[in-house]
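See structure below.
From a predicted model like this one, the values you see are computed outputs, not experimental measurements.
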Amino acid sequence: THTHTHTQPVDLPLARKYFEIASKKKHVNALCSLAAMHFHGQGGPVDHRKAFDLYQIAALHDSVEAWRNLGAMYLHGHGVDKCEQTANHFLQLVQRVESGQITL
């Protein structure tokens, strides 16, 4: 017998809408997902500043994913002025968590 996987097409604007609802409740994964959608223009226009703002909120809730993305945004100047020092701060936090030096 053969099994077939049927996948529905992803409705990115709808996904973005639901992530917006969840992010208002400070759901960290929703904040990061919505930030990524704004960064890449999925389900709506590209908005690096909005992505940056959402990652900042998630970072306040100890999101390693947000720290990593904020580091990259500061490093490359996406949605914020370039700042290597701030980029390194966030990327070092990520490294410390991943190496077990810091536990959340």
Listed by chain and number, what are the salt bridge (Lys or Arg N to Asp or Glu O under 4.0 Å) partners of D62, not counting sequence neighbours? none
CG (L34) and CD (Q42) are apart, to the nearest 0.5 Å, by 10.5 Å
Sequence neighbours excluded, which residues qualify as side chain to side chain contact (heavy atoms under 4.5 Å, CB included) partners of I57? K26, L31, H61
Running the 4.5 Å side-chain criterion over Ile, Leu, Val, Met, Phe, Trp and Tyr, what cluster does L60 land in, apart from itself? none
Please list, chain by chain and in numerical order, all residues satisfying salt bridge (Lys or Arg N to Asp or Glu O under 4.0 Å) with R96, sequence neighbours excluded. none
Under the side chain to side chain contact (heavy atoms under 4.5 Å, CB included) test, which residues partner D47, sequence neighbours left out? H38, R49, K50
Which residues satisfy the side chain to side chain contact (heavy atoms under 4.5 Å, CB included) test with S33, sequence neighbours excluded? F19
My understanding is that a hydrophobic cluster links ILVMFWY residues whose side chain heavy atoms are under 4.5 Å apart, including indirect links. Using that, what else belongs to the cluster containing M73? F39, F52, Y55, V64, W67, L70, Y74, V80, F90, L93, V94, V97, I102, L104
With Q95 via side chain to side chain contact (heavy atoms under 4.5 Å, CB included) - residues at least two apart: none
A quick test of your reading: do over 12 heavy atoms of other residues, nucleotides or ligands sit less than 6.0 Å from CD of Q85? no
Not counting sequence neighbours, which residues clear salt bridge (Lys or Arg N to Asp or Glu O under 4.0 Å) with E98? List them please. R68
Tell me which pairs pass salt bridge (charged side-chain N to carboxylate O under 4.0 Å, His left out) where either residue lies in residues 29-38, with sequence neighbours left out. none
Tell me, which pairs form a salt bridge (charged side-chain N to carboxylate O under 4.0 Å, His left out) where one or both residues lie in residues 83-93, sequence neighbours left out? none
